[in-house]
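Here is the structure we will look at, set down as structure tokens.
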Protein chains: 2
Amino acid sequence: MKHIAESTVRRLSLYLRFLEEYEATGHATISSGELAESGGTTSAQVRKDLSFFGSFGKRGMGYTVRDLSIAIREILGLQRPWSVIIIGAGKIGAALAQYRGFTTRGFRVVGVYDRDPARIGTKLEGVTVRAESDLERDIAKLKPDIAVLCVPGDAAQALADRVTAAGIHAVLNFAPTPLKVPKGVALRAVNMATELEILAFGLTNDGALPVR
Amino acid sequence: MKHIAESTVRRLSLYLRFLEEYEATGHATISSGELAESGGTTSAQVRKDLSFFGSFGKRGMGYTVRDLSIAIREILGLQRPWSVIIIGAGKIGAALAQYRGFTTRGFRVVGVYDRDPARIGTKLEGVTVRAESDLERDIAKLKPDIAVLCVPGDAAQALADRVTAAGIHAVLNFAPTPLKVPKGVALRAVNMATELEILAFGLTNDGALPVR
DNA sequence: CTTAGCTTGTGAATGATTTCACAAGCACTC
DNA sequence: GAGTGCTTGTGAAATCATTCACAAGCTAAG
């Protein structure tokens with residue numbers, strides 16, 4: 001398959017969110033221009049993004065909201081559920097476990113892990129927190145798709161190593177440390193301190209960041 | 001000032017984090033290659049990133065860890081503290097309020113707001129949760145620099161409008177909705193559902209996302 | 001059946017970012 | 001103080017992403 005820019009995939013995710021809202025308001029079709037407006041981009045960008053995957057609209061008419069939703073869900077791989085384990089049951093792990101955005105899009109939390117004995121055995125959104133030492137056995141058994149790391153920075157790499165060695169192929173890292181993972185493992189990082197620092201840069205160097 | 005790519009600023013933030021760790025281990029100098037290794041990029045990229053802002057190294061020697069730390073902190077605008085208000089005292093807001101990465105980098109939480117009377121008056125990391133209706137008055141008085149939105153998607157735009165109208169110039173959005181803000185306001189969004197969806201895409205379309 | 005009015009899909013052009021490649025500069029040695 | 005070994009800083013080249021611009025296709029109207 002040809003390479004697809006990450007920015008394209010990110011926009012597809014936003015289009016999908018808007019399409020779902022838009023469908024709920026009763027609209028049956030939508031033009032690339034309307035879709036662009038919603039996501040803060042241009043109609044050409046929308047059409048280009050979609051063109052990498054096929055041709056989903058009707059000239060003169062636009063896109064059928066429902067069909068395009070389904071098509072994007074298929075492109076993103078959301079037609080099937082994904083099982084997620086959360087590692088680290090601190091505040092951030094707990095916040096993610098209850099995050100509605102996860103469950104409504106077909107991401108199911110099948111396990112929460114922590115190393116702190118005080119947390120092990122407690123329940124988080126209906127899922128019992130287990131010992132980090134169970135990780136390997138549980139991954140072998142449950143074969144979860146995605147591991148979300150919500151542990152302190154100094155513990156993150158070791159856990160990433162463990163879960164990838166145990167067979168996990170996708171990692172979402174909330175620890176403030178850049179991770180290395182084996183080739184073939186999908187990795188994303190959310191670094192909240194970095195986001196704030198980009199804002200600080202923008203405030204300090206007014207107009208230095210390109211407008212989007 | 002010339003435009004600086006967001007990707008450059010993001011990498012500077014990572015370099016800084018590594019430099020701080022590296023300094024703690026007692027190293028006095030570092031080469032662009034070592035710095036690149038740490039951030040998963042190339043030495044040429046490191047040098048190019050820095051070159052937009054000046055010339056900080058010594059040929060043949062590399063960079064003085066401490067001097068480069070200071071230089072990057074200056075570039076990012078971290079030589080002064082930034083005050084932050086958190087809007088929404090739910091799980092995510094609470095997790096952020098206690099997030100160490102914020103405070104250690106000079107971001108101080110000066111206010112937490114919620115609309116739920118049950119939460120108003122409670123304490124979060126030493127900060128009393130106040131009523132959302134106090135926002136305008138408090139912003140006028142305290143002049144916080146950054147607002148972090150941790151509210152449900154359907155409330156986010158209205159609150160963004162309110163805080164920007166009240167004088168906030170930077171917004172970090174954790175709500176799963178794309179926001180519109182007035183020109184001149186710095187905006188960043190962290191969308192956890194989108195991050196998971198990018199991972200799902202990567203898992204589904206193996207090798208379609210460019211390796212980084 | 002033909003025309004008018006939209007809107008898609010897509011090569012080509014532009015713009016942005018990354019990588020390359022190398023001259024210039026510094027420290028250390030002999 | 002000339003030579004060697006590194007490493008920076010930076011134009012130029014290459015790659016990647018976005019925008020432009022327009023032919024092609026669809027619907028509805030007459």
Side-chain angles (χ1 to χ4, degrees), chain A residues 1-15 19 22 27-65 67-69 71-72 75 198 201 207-212, chain B residues 1-15 19 22 27-65 67-69 71-72 75 198 201 207-212:
Chain A
M1 189 182 192
K2 221 176 45 265
H3 275 191
I4 300 297
E6 183 198 300
S7 49
T8 291
V9 181
R10 163 166 278 118
R11 282 189 299 265
L12 287 176
S13 164
L14 294 180
Y15 301 157
L19 285 171
Y22 201 67
H27 292 82
T29 65
I30 189 171
S31 71
S32 58
E34 293 168 289
L35 204 39
E37 170 71 13
S38 81
T41 180
T42 66
S43 63
Q45 182 78 80
V46 170
R47 296 198 300 276
K48 187 59 111 183
D49 286 339
L50 294 172
S51 78
F52 295 126
F53 302 97
S55 148
F56 306 99
K58 275 229 266 297
R59 290 165 197 240
M61 297 276 88
Y63 303 87
T64 306
V65 175
D67 292 353
L68 188 56
S69 279
I72 294 181
I75 291 166
I198 297 173
F201 176 85
L209 282 172
V211 285
R212 293 180 309 142
Chain B
M1 187 182 194
K2 223 176 45 262
H3 276 192
I4 300 295
E6 183 198 298
S7 49
T8 291
V9 181
R10 162 166 280 117
R11 282 189 299 265
L12 288 175
S13 164
L14 294 180
Y15 303 156
L19 286 170
Y22 202 66
H27 292 82
T29 65
I30 189 171
S31 70
S32 58
E34 294 168 289
L35 204 38
E37 171 72 12
S38 82
T41 179
T42 67
S43 63
Q45 181 79 78
V46 170
R47 297 197 301 276
K48 189 58 114 183
D49 285 340
L50 294 171
S51 77
F52 294 126
F53 302 97
S55 147
F56 306 101
K58 276 229 265 297
R59 290 165 198 244
M61 297 275 89
Y63 303 86
T64 306
V65 176
D67 292 353
L68 189 56
S69 279
I72 293 180
I75 291 166
I198 297 173
F201 176 85
L209 282 173
V211 284
R212 293 180 310 143

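Hydrogens, waters and symmetry mates play no part in the numbers below; they use all other heavy atoms, side chains included.
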Quick one: [X] [atom1] to [N] [atom2], roughly how many Å, whole number?
X     : N      : atom1 : atom2 : result
A:M61 : C:dT8  : CE    : P     : 10 Å
B:F52 : C:dA16 : CZ    : P     : 12 Å
A:R47 : C:dG9  : CZ    : C1'   : 7 Å
A:Y63 : D:dG25 : OH    : P     : 16 Å
A:R59 : D:dA21 : CZ    : C1'   : 14 Å
B:Q45 : C:dA21 : CD    : P     : 16 Å
A:R10 : D:dT18 : CZ    : C1'   : 16 Å
B:K48 : C:dT17 : NZ    : P     : 12 Å

Options C:dC20, C:dT10, D:dC26, nucleotide nearest the side-chain atoms of B:A44: C:dC20
Closest listed nucleotide, where the reference is the side chain of A:S31 and the choices are C:dT10, C:dT8, C:dC26: C:dT8
For A:S13, what residues pass the side chain to side chain donor-acceptor pair (under 3.5 Å) criterion, not counting sequence neighbours? A:R17, B:T194, B:E197
Look at all strands and tell whether A:S32 reaches a base, only sugar-phosphate, or nothing, counting heavy atoms closer than 4.0 Å. sugar-phosphate
Base, sugar-phosphate, or nothing for A:S7, non-hydrogen atoms under 4.0 angstrom? sugar-phosphate
Taking only side-chain nitrogens and oxygens of [X], does any of them come within less than 4.0 Å of OP1 or OP2 of [N]?
X     : N      : answer
B:R11 : C:dT18 : yes
B:T42 : C:dT19 : yes
A:S55 : C:dG9  : yes

Determine the sole option in B:V46, B:L35, B:T64 for which the side-chain contact (heavy atoms from CB on, under 4.5 Å) test with B:I30 is passed. B:L35
Calculate, to the nearest 0.5 Å, the distance between atoms OH and OH belonging to A:Y63 and A:Y15 respectively. 9.5 Å
Checking side-chain contact (heavy atoms from CB on, under 4.5 Å) for the pair A:E6/B:F201: CA distance, chi angles, key distance, verdict? CA-CA 10 Å; A:E6 183 198 300; B:F201 176 85; over 6 Å; no
Could you give all pairs that pass the salt bridge (charged side-chain N to carboxylate O under 4.0 Å, His left out) test and reach residues 48-65 of chain B, with sequence neighbours left out? B:R11-B:D49
